[in-house]
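Here is the structure we will look at, set down as structure tokens.
Note that the numbering runs from 1 along the sequence shown for the chain. Worth saying up front: this structure is predicted, and the values here are computed from it rather than measured.
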Amino acid sequence: MMTADKIKELIGSIHGVSLIEDFIIDEAGSLKGRIAVVTDQEHADLEWYVEISPTYPFKTMGMEPIHFQNKNLLDYPHIMQGGNLCMHPAEYDNAESQFVNDLKQLKEWVEKYYVRGEKDAHYEHLVVNHHTIRGQYYTFCFAETQEDFTEGDYGIVHYTTLPTGRKKDTPVINYVVQKFVSCVQVKNTEMFCRISKSYQELRSFKGVYCLLNNIPSVYNKFIVENYNSIRGLFSQSQKNYIHSFVVSHRGKCDFFPLFCGYRIPEGGVHWQAMILFMDDLPIEPVRVGTGKNRLWLTDFRQGQIQWAETVDISYKYFFGRGAMPKELANKKMLIMGVGAIGSILAETLTRCGAKNLTLYDIDNKEPGNVCRSAYPFYTGIIEKTLDITSLLTQISPHVECTSLKSIADLVIKTYAAGHEDKSALAEFFDEFDVIFDCTTDNQLMRVMDSIGTKAQLVNLSITNHAQDLICAFSPNVTETVLLVYGLFKHDVETDMYNPIGCWNPTFKASYNDIECKVQVAVKHIIKMLSKQEPLSDFYITEDDLNLKINKL
């Protein structure tokens with residue numbers, strides 16, 4: 001545990017740092033004092049108030065256990081509204097080592113940002129303190145639009161609701177922006193957010209948007225918090241339009257969001273949204289001039305802005321922490337069979353950023369499918385393609401999901417049985433770039449192998465108890481799959497699961513058994529289809545310690 005004497009000793013051992021005011025313990029058990037950091041001959045030493053938590057060196061609830069504060073540095077990077085330096089130092093279990101490191105980090109900040117005056121290259125969002133608004137939080141997600149906005153643009157923003165969430169035991173009202181309709185551009189130009197149709201087609205509500213003439217900020221990083229500070233950023237036409245919206249929607253809604261947009265350095269528009277309640281509007285008519293020259297204009301009155309939280313869910317941010325290569329994500333993919341393997345595959349591709357999936361299966365989801373697939377029980381008996389589509393669109397707002405009718409199985413096999421020339425079938429499947437066959441239907445496998453489609457076929461199948469997973473690429477899928485099955489020594493037909501009633505036995509395996517092998521397979525399939533690895537058929541086996549990939 002840190003003590004005032006130990007702090008004094010450690011500060012004395014570090015060049016460029018001096019103690020200005022001895023540390024004392026406050027009622028909460030925190031140590032508080034004041035230090036100075038040497039700058040250079042041109043700058044005076046920087047003084048900092050320091051507060052050390054009694055939990056030091058451990059941070060709690062995501063909060064750093066030490067604070068360096070200087071309220072005169074608000075114009076500098078990484079200084080928060082209270083004057084605290086935002087830093088994320090390396091972590092040490094030993095308090096003394098941690099304190100020495102924290103002081104070194106402080107000195108580095110002083111040298112880089114205060115003395116040399118450096119700025120960070122990447123764009124940082126404005127700091128917005130998210131408070132409850134009439135007892136609940138509001139959050140709006142938006143994405144980049146297909147078209148750009150004109151300077152001074154304004155109009156209607158359309159948004160839809162998501163399920164209500166909770167944080168800190170308080171409701172969170174969640175929304176997603178669907179489109180912006182300009183009243184400035186020609187013919188009320190519609191600028192759709194780049195999100196999937198499943199969200200665009202949900203019921204819409206309306207608000208107002210205005211592209212401001214400057215960033216609504218203090219020190220270029222904190223959002224303005226009162227209407228007096230933001231009123232000059234709106235044009236008079238924009239303010240008058242807000243009033244006209246109020247007049248036309250009074251009695252139709254209790255509140256509406258006012259989206260305030262501004263250009264960001266890396267291009268595009270970022271949006272902040274304030275909540276305006278009809279029973280307490282922050283706008284009012286203002287009389288300008290006298291006599292015949294008298295005009296009534298709209299302006300903001302004094303008051304605190306009620307900012308909602310906004311989140312940019314554009315594809316580059318939504319998948320910024322990890323995704324498959326863009327070239328593959330943009331390809332059209334068909335997954336045939338969305339059972340145990342196919343449902344896990346579909347979910348994985350969606351979480352990796354796939355944008356265009358078509359799903360096919362002949363079965364309904366039953367309760368017994370849940371234990372080894374990506375399906376929920378909650379949705380009950382439902383067609384597998386419908387259930388998995390619902391799941392995937394809940395996961396990603398960027399995936400477009402369609403499905404083939406189950407009768408496609410009958411159509412494909414009827415045509416294949418009656419025609420030697422299968423070019424018509426090939427043309428149907430040529431619209432896809434990649435086709436995953438996860439059906440475990442050997443007859444369908446042979447048909448797909450024989451039609452000669454331009455799409456890349458990928459066959460995935462698994463043995464009983466998920467002992468092995470086989471992945472075969474076109475051409476010659478059937479030959480490869482049968483060859484690999486012939487290599488296995490274990491009897492794949494024993495100890496099968498027999499459902500109630502007169503049904504074919506099925507293989508036994510838990511979700512974990514299947515999922516671990518499918519994920520390893522998908523990792524290499526993505527690399528192969530992205531040409532980061534040579535395309536190669538393979539099978540995955542398992543011993544007591546490892547999964548082993550065997551390439552053919």
Side-chain angles (χ1 to χ4, degrees), residues 333-352 354 357-392 394-395 401 403-404 406 409 434-445 448 457-472 477 481 484-485 488 490 492-501 503-526 538-542 547 549:
M333 302 180 188
L334 168 62
I335 302 177
M336 305 183 74
V338 284
I341 298 174
S343 64
I344 296 172
L345 170 66
E347 180 179 354
T348 300
L349 293 175
T350 299
R351 293 190 186 278
C352 287
L357 295 179
T358 299
L359 310 172
Y360 165 73
D361 203 290
I362 62 173
D363 288 333
N364 297 325
K365 183 213 60 189
E366 304 279 351
N369 297 129
V370 174
C371 69
R372 65 182 192 185
S373 306
Y375 295 102
F377 164 74
Y378 184 78
T379 48
I381 307 297
I382 184 174
E383 292 179 18
K384 284 183 175 179
T385 53
L386 293 178
D387 209 24
I388 202 69
T389 294
S390 175
L391 173 67
L392 300 183
Q394 288 178 52
I395 291 171
C401 283
S403 60
L404 301 180
S406 59
D409 184 64
V434 184
I435 300 174
F436 294 94
D437 181 2
C438 308
T439 60
T440 67
D441 182 339
N442 287 345
Q443 293 178 332
L444 181 62
M445 176 178 66
M448 295 299 298
L457 293 178
V458 185
N459 186 286
L460 289 168
S461 58
I462 206 160
T463 61
N464 196 22
H465 296 288
Q467 295 176 29
D468 321 278
L469 181 145
I470 302 99
C471 177
V477 168
V481 172
V484 175
Y485 269 96
F488 298 145
H490 41 262
V492 298
E493 300 300 327
T494 59
D495 193 28
M496 300 286 279
Y497 176 70
N498 288 282
I500 297 172
W503 301 101
N504 289 329
T506 184
F507 70 92
K508 288 183 178 180
S510 71
Y511 181 86
N512 179 256
D513 293 331
I514 302 168
E515 198 262 353
C516 64
K517 291 186 177 66
V518 171
Q519 296 296 1
V520 171
V522 173
K523 176 179 180 178
H524 289 279
I525 291 169
I526 288 175
F538 64 88
Y539 60 96
I540 299 174
T541 54
E542 181 179 5
L547 295 178
I549 298 177

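Closest approach of Gly368 and Cys371 over heavy atoms only: O-SG, 3.8 Å. Considering all non-hydrogen atoms of both residues, Thr385 and Asp361 come closest at CG2-N, 3.6 Å. Taking each heavy atom of Ser343 and Ala340 in turn, the nearest pair found is OG-O, 3.5 Å. Contact between Cys438 and Ile335 at its shortest, heavy atoms only, is SG-CG2, 4.4 Å.
Taking 4.5 Å as the limit, some side-chain heavy atom of Asp409 sits within range of a side-chain heavy atom of Asp441. Annotation: side chain of Thr358 is not in contact with side chain of Met333 (no heavy-atom distance under 4.5 Å). Between Leu460 and Ile525, some side-chain heavy-atom pair lies under the 4.5 Å cut-off. Between Asp437 and Leu457, every side-chain heavy-atom pair lies at or beyond the 4.5 Å cut-off. Looking only at side-chain heavy atoms (C-beta outward), Val484 and Asp468 stay at 4.5 Å or farther from each other. Here the side chains of Met445 and Asn442 are in contact, with some heavy-atom distance below 4.5 Å. Leu359 places a side-chain heavy atom less than 4.5 Å from the side chain of Leu392. Here the side chains of Ser406 and Asp363 are not in contact, with every heavy-atom distance at 4.5 Å or above.
Rounded to the nearest 0.5 Å, atoms CD (Glu383) and CD1 (Ile388) are 13.5 Å apart. To the nearest 0.5 Å, atom CD1 of residue Ile462 and atom CD1 of residue Ile514 are 5.5 Å apart. In this structure, OH in Tyr375 is found 10.5 Å from CD1 in Ile344, a value given to the nearest 0.5 Å. Expressed to the nearest 0.5 Å, how far CG of Leu547 lies from SG of Cys516 amounts to 5.0 Å. Rounding to the nearest 0.5 angstrom, the gap separating the OG1 atom in Thr439 from the CE atom in Met448 is 9.0 Å. For the atom pair CZ (Arg351) and CD1 (Ile395), the distance works out to 4.0 Å, reported to the nearest 0.5 Å.
For Tyr539, the ring pair (Phe, Tyr, Trp, His ring centres under 6.0 Å) partners at least two apart in sequence or on another chain are Phe488. By the side chain to side chain donor-acceptor pair (under 3.5 Å) test, Thr348 pairs with Gln519, sequence neighbours left out. Take Ser373 and apply the side chain to side chain donor-acceptor pair (under 3.5 Å) test, not counting sequence neighbours, and it matches no residue. Judged as a side chain to side chain contact (heavy atoms under 4.5 Å, CB included), and not counting sequence neighbours, the contacts of Ile382 are Lys365, Thr379, Leu386, Asp387. In this structure Gln394 satisfies the side chain to side chain contact (heavy atoms under 4.5 Å, CB included) test together with Ser390, sequence neighbours excluded. Listed by chain and residue number, Ala466, Ala509, Ser510 satisfy the side chain to side chain contact (heavy atoms under 4.5 Å, CB included) test with Asp513 (two or more places apart in sequence, or in another chain). Every residue two or more places apart in sequence or in another chain that forms a side chain to side chain donor-acceptor pair (under 3.5 Å) with Glu542 is listed here: Lys517. Listed by chain and residue number, Met324, Leu349, Leu357 satisfy the side chain to side chain contact (heavy atoms under 4.5 Å, CB included) test with Ala354 (two or more places apart in sequence, or in another chain). Lys384 is linked by a side chain to side chain donor-acceptor pair (under 3.5 Å) to nothing, counting only residues two or more places apart in sequence or in another chain. In this structure Glu515 satisfies the salt bridge (charged side-chain N to carboxylate O under 4.0 Å, His left out) test with no other residue, sequence neighbours excluded.
The one candidate from Thr541, Leu469, Ile470 that meets the side chain to side chain contact (heavy atoms under 4.5 Å, CB included) condition with Thr463 is Ile470.
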